[in-house]
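Everything on this sheet refers to the single structure shown next.
Note on naming: letters A, B, ... go to the chains in the order of the sequence lines (proteins, then strands), and numbering restarts at 1 for each one.
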2 protein chains.
Amino acid sequence: MRISDVAAACGLSADTIRYYEKSGLIPTVGRGADGHRRFSKENVDWLTLLYWLRETGMSMVQMRRFCSLAQEGDKTKPERRRILVDHAAELDRRRAQLDRCEAVLQVKIRSYDKRQ
Amino acid sequence: MRISDVAAACGLSADTIRYYEKSGLIPTVGRGADGHRRFSKENVDWLTLLYWLRETGMSMVQMRRFCSLAQEGDKTKPERRRILVDHAAELDRRRAQLDRCEAVLQVKIRSYDKRQ
DNA sequence: TACCGGGTTGGAGTTACTCCAAGTCAACAG
DNA sequence: CTGTTGACTTGGAGTAACTCCAACCCGGTA
């Protein structure tokens, strides 16, 4: 797959994908005879995961850690699993934050309704 | 109130509060005889609201708009109300995103559990 | 009087992109 | 065969929203 196809498939922009490769967040990206990047299905799955991790607030430092673990093979699976479990817990914290903000907004909105 | 007290009260750092003032996100901040900022209860409430808006993804451009509306007086209340209602809807979208990420993570975590 | 703990400013550094200019290359039209 | 189009390449500049820092001021205590 070409970079534009991958961008359409995984949700990241072509620029971001190039930036992620340069930053060491994608294990193995091949090149065609023309020098263009060629992405495997594995690459696309990987980038799709990164998209979701990033979209929900994981830092690039964390993602880089996750990537280098993935390159070290199966023996790092427990640690990689733990990173994802921790991130799932982080999602819960964010959900709670949205709820608190929602409450603040509702109070504020009602205060506009009263004095009008 | 001094800036450090406000920081403790509203959740933003002193640096961020100064940055927000410089950027025109706080309507009226007074100064004491010593040249230090003095914050009113209104200021603190305002900054607490900004904290929640920012924490849940509102951009500074939007917050600046909200601030300049607040300075125009009561006639802008309907528009300010609408901004908050729109942001509440945005919170729903973010909640849905967290849910989708959660699902992706669970699938991935289970895939680690299988082959081990 | 010397220091300490607050505050002040302006400016540099950081993260995670995003955009752009200049160049290459393959494919197709005339 | 030549010219244009479109998609890719790189390096580098620009952006948002902070965050940190140096250098300074000022009021109060030992």
Side-chain angles (χ1 to χ4, degrees), chain A residues 1-26 28-40 43-44 46-68 83 87 90 94 97 101, chain B residues 1-26 28-40 43-44 46-68 83 87 90 94 97 101:
Chain A
M1 269 173 112
R2 313 177 289 173
I3 198 163
S4 60
D5 301 328
V6 179
C10 75
L12 298 165
S13 74
D15 268 318
T16 301
I17 293 168
R18 279 189 282 261
Y19 173 62
Y20 278 8
E21 195 204 357
K22 199 159 48 176
S23 310
L25 267 64
I26 322 176
T28 47
V29 188
R31 296 284 176 141
D34 54 1
H36 294 189
R37 290 171 186 81
R38 314 244 86 217
F39 296 84
S40 65
N43 289 149
V44 177
W46 177 260
L47 284 165
T48 305
L49 180 58
L50 289 193
Y51 167 77
W52 284 108
L53 294 177
R54 188 67 206 87
E55 198 70 359
T56 51
M58 183 178 282
S59 74
M60 284 181 67
V61 171
Q62 282 258 64
M63 298 197 297
R64 186 150 38 234
R65 172 95 187 111
F66 189 63
C67 180
S68 62
I83 288 174
H87 190 65
E90 175 64 27
R94 279 170 198 267
Q97 206 168 32
C101 184
Chain B
M1 269 172 114
R2 313 176 290 172
I3 197 163
S4 60
D5 300 328
V6 179
C10 77
L12 298 165
S13 74
D15 267 319
T16 301
I17 294 168
R18 279 189 280 261
Y19 174 63
Y20 277 7
E21 195 204 358
K22 199 159 50 176
S23 309
L25 266 64
I26 321 177
T28 47
V29 188
R31 296 284 176 139
D34 53 2
H36 295 189
R37 291 171 185 81
R38 313 245 86 216
F39 296 84
S40 64
N43 288 151
V44 177
W46 177 260
L47 283 166
T48 304
L49 179 58
L50 290 193
Y51 167 78
W52 284 109
L53 294 177
R54 189 67 207 86
E55 198 71 357
T56 51
M58 184 178 282
S59 73
M60 283 181 67
V61 171
Q62 281 258 64
M63 296 197 298
R64 187 148 38 233
R65 171 95 187 110
F66 190 63
C67 179
S68 61
I83 288 175
H87 191 64
E90 175 65 26
R94 279 170 198 267
Q97 206 168 33
C101 185

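From B:Phe39, atom CZ reaches atom OG1 of B:Thr28 across 10.5 Å, with rounding to the nearest 0.5 Å. Here the CD1 atom belonging to B:Ile3 is positioned 8.0 Å from the CG atom belonging to B:Asp15, to the nearest 0.5 angstrom. Note that OG of A:Ser13 is 8.5 Å distant from OH of A:Tyr20, once rounded to the nearest 0.5 Å. Taking OG of B:Ser40 as the start and CE of B:Met1 as the end, the distance is 10.0 Å to the nearest 0.5 Å.
Straight-line distance from the CG atom of B:Asp5 to the P atom of C:dG5: 17 Å, rounded to whole Å. Atom CD of A:Glu55 and atom C1' of C:dT15 are 16 Å apart (whole Å). Note: NZ (B:Lys22) to P (C:dA12) measures 12 Å, nearest angstrom. Regarding B:Arg2, its CZ atom lies at a distance of 10 Å from the P atom of C:dT8, rounded to whole Å.
Taking side-chain N and O atoms only, A:Arg37 has no distance below 4.0 Å to OP1 or OP2 of D:dC8. Note on B:Arg31: a side-chain N or O is less than 4.0 Å away from OP1 or OP2 of C:dT9.
Residue A:Gly24 comes nearest to A:Cys67 through the heavy atom pair O-SG, 3.6 Å, listed as atom of the first residue, atom of the second, then distance. Across all non-hydrogen atoms, the minimal contact from B:Met58 to B:Ile83 is CE-CG2, 3.9 Å.
Using a 4.0 Å heavy-atom distance criterion, B:Ser4 is classed as a sugar-phosphate-only contact.
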Pairwise N/O distances under 3.5 Å, protein to nucleotides 22-29 of chain D:
none

Dump every N/O contact between nucleotides 17-21 of chain D and the protein below 3.5 Å, one line per pair.
unit_1	atom_1	unit_2	atom_2	d
D:dA17	OP1	B:Met60	N	3.2
D:dC18	OP2	B:Tyr20	OH	2.4
D:dC18	OP2	B:Arg54	NE	3.1

Item to complete: Determine, step by step, whether B:His87 and B:Phe66 satisfy the side chain to side chain contact (heavy atoms under 4.5 Å, CB included) criterion, reporting the C-alpha distance in whole Å, the side-chain angles of both residues, the deciding distance to 0.1 Å, and the verdict.
Response: CA-CA 12 Å; B:His87 191 64; B:Phe66 190 63; over 6 Å; no
Discussion item. Assess the residue pair B:Met63 and B:Arg54 against the criterion (side chain to side chain contact (heavy atoms under 4.5 Å, CB included)); give the C-alpha distance rounded to whole Å, side-chain angles, the decisive distance to 0.1 Å, and a yes or no.
Written reply: CA-CA 8 Å; B:Met63 296 197 298; B:Arg54 189 67 207 86; 3.7 Å; yes
